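In what follows, a structure is listed as structure tokens, so that the remarks can point back to it.
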There are 2 protein chains.
Amino acid sequence: MGRQPEPHKRAELLEKAVDYVLEHGLQGLSLRPLAQALGTNARMLIYHFGSKEKLVTEVLEAAQARQRALLGELGGEATDPYAALEAFWRWFSSPRLAPFARLLYEVEVGAMQGQLEYQGFARRAIHGWIGFVLQSLPGSTPAQASLIVGTLAGLLLDGLITGEWERVNGAFGGFLEVLRAGSRG
Amino acid sequence: MGRQPEPHKRAELLEKAVDYVLEHGLQGLSLRPLAQALGTNARMLIYHFGSKEKLVTEVLEAAQARQRALLGELGGEATDPYAALEAFWRWFSSPRLAPFARLLYEVEVGAMQGQLEYQGFARRAIHGWIGFVLQSLPGSTPAQASLIVGTLAGLLLDGLITGEWERVNGAFGGFLEVLRAGSRG
DNA sequence: TCGAATATGTAACATCTGTTACATGTAACT
DNA sequence: AGTTACATGTAACAGATGTTACATATTCGA
């Protein structure tokens, strides 16, 4: 008895919060501006999510789920592993994916600085991408997959900061070249 | 006339502030805890440096200078470029250099999120490292240097977060291998 | 010894932070 | 109607933030 719960309200707030965090980042995130952008107030955010920390945790997981859904755009029609890698790079370095990458880097830096709530998330993300490369490129080793993920992460960071995509894309092209030549040697 | 300025006081505070920021990061940096760790109070930090923002700027530049001084440890006794690259990796991934790397990632993430005071610093750092690789490896192109810097940055980030240095070092070893094989092919 | 300039300490200011107490509204069931 | 449980708004709380006003020391030169 009593009034029925309305879980869709909470879900809508969460999705809008993901939008906001993808745009503004986690760094200076504050409940009151966030709530105002969501058409509510800080009181309701605490009511629905318990605390700011729990809200951030849910936002991170929801953002990750959203990115995984976008991963479906990467059809498996690649002919060879190098074409698959190039498609993956083009997908990940596209402007639409940039907010997700920025958010992940933010979490990773937080993890590096010892924030425990980010450490598990960051490690899982790294292992997840390495696992994705491992299964996308049959026959690859963990060392090779770690190299690929690390290189792409480093180049993407460069591009997101400098915006010098010709240079960064050239570097990625060089990476593909040495990978090809290395497999022949 | 009047009392003489004592610039060494300011310089000592700055060096201690660099120590503190290298250990605690920029993220939650606050004047009062910083000042207490330095044996002074927030009032004096503002007095000497004008504002928190200016203090941070000076700390970043001083930290960069300190890292450049450590770069002198890298003697040029490497026989071939690959040995030089390996020495550079071992130097940069050593625990003593980790605080500098963490600080740079923190600045880079701030730059990505649009904090103007970090953008110039991060871009200069990236271009600086690429220039360093370019002049350390004669005959290398900007694309190759960008690839090397990006890869090392990505792998270092992985190692600093996961601590799985066997895997990360293995990935770097694989990078050296494909570079060698690529140059032969 | 006086004036002048730098150094320092205390305390306040206004503002922002996450969180909560309290009141009230709203929908459902008896 | 009355009870129960969820939803929401206002306002406050305690604490932290960067910065500043004010007072006072300290050290120099005349």
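Chain A is the first sequence line, chain B the second, and so forth, proteins listed ahead of strands; every chain is numbered from 1. Reckoned from all heavy atoms, side chains included, excluding hydrogens, waters and symmetry mates. Keep in mind that this is a model prediction, so the values were computed, not measured.
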Scan residues 33-43 of chain B against DNA chain D and write down, sorted by residue number, each residue with any heavy atom closer than 4.0 Å; if none is found, say none.
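B/A42, B/R43, in order of number.
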
Under 4.5 Å between side-chain heavy atoms, counting indirect links through other Ile/Leu/Val/Met/Phe/Trp/Tyr residues: same cluster for A/V178 and B/W89 or not?
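Yes, one cluster joins them.
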
Expressed in angstrom and rounded to an integer, what is the separation of [X] atom [atom1] from [N] atom [atom2]?
X	N	atom1	atom2	result
A/M44	D/dC6	CE	P	13 Å
B/E12	C/dA7	CD	C1'	14 Å
A/R3	D/dC6	CZ	P	10 Å
A/H8	D/dC6	NE2	P	16 Å
A/F49	D/dT8	CZ	P	12 Å
A/E6	D/dA5	CD	P	17 Å
A/R32	C/dC16	CZ	P	10 Å
A/L55	C/dG18	CG	P	10 Å

[N] OP1/OP2 closer than 4.0 Å to side-chain N/O of [X]:
X	N	result
B/K9	C/dT6	no
A/H48	D/dT8	yes
B/Y47	C/dT8	no
B/S51	D/dG18	no
B/S30	D/dA16	no

Should we say atom CD of A/E177 is surrounded by more than 12 heavy atoms from elsewhere, each under 6.0 Å from it?
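Result for CD/A/E177: open.
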
Kindly check if the number of other-residue, nucleotide or ligand heavy atoms within 6.0 Å of CD (B/E166) is above 12?
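Result for CD/B/E166: enclosed.
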
If each of B/K52 and B/G2 is mapped to the nucleotide of DNA chain D with the nearest heavy atom, which maps nearer the 5' terminus, i.e. the 5' end?
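Going by which nucleotide is closer to the 5' end, it is B/K52.
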
Where each residue is assigned the nucleotide of DNA chain D containing its nearest heavy atom, which of B/G50 and B/Q4 is assigned the position nearer the 5′ end?
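In this pair, the answer is B/G50.
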
[X] vs [Y] aromatic rings, parallel, tilted or perpendicular, using cut-offs 30° and 60°?
X	Y	value
B/W91	B/F88	parallel
A/W129	A/F132	perpendicular
B/Y20	B/H24	parallel

Between D/dA7, C/dT8, C/dT6, which one does the side chain of A/P5 approach most closely?
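Looking only at heavy atoms from C-beta outward on A/P5, the closest nucleotide is D/dA7.
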
Which pairs, with at least one residue in residues 113-126 of chain B and sequence neighbours excluded, count as a side-chain hydrogen bond (donor to acceptor under 3.5 Å, both in side chains)?
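For residues 113-126 of chain B: A/E106-B/Q113.
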
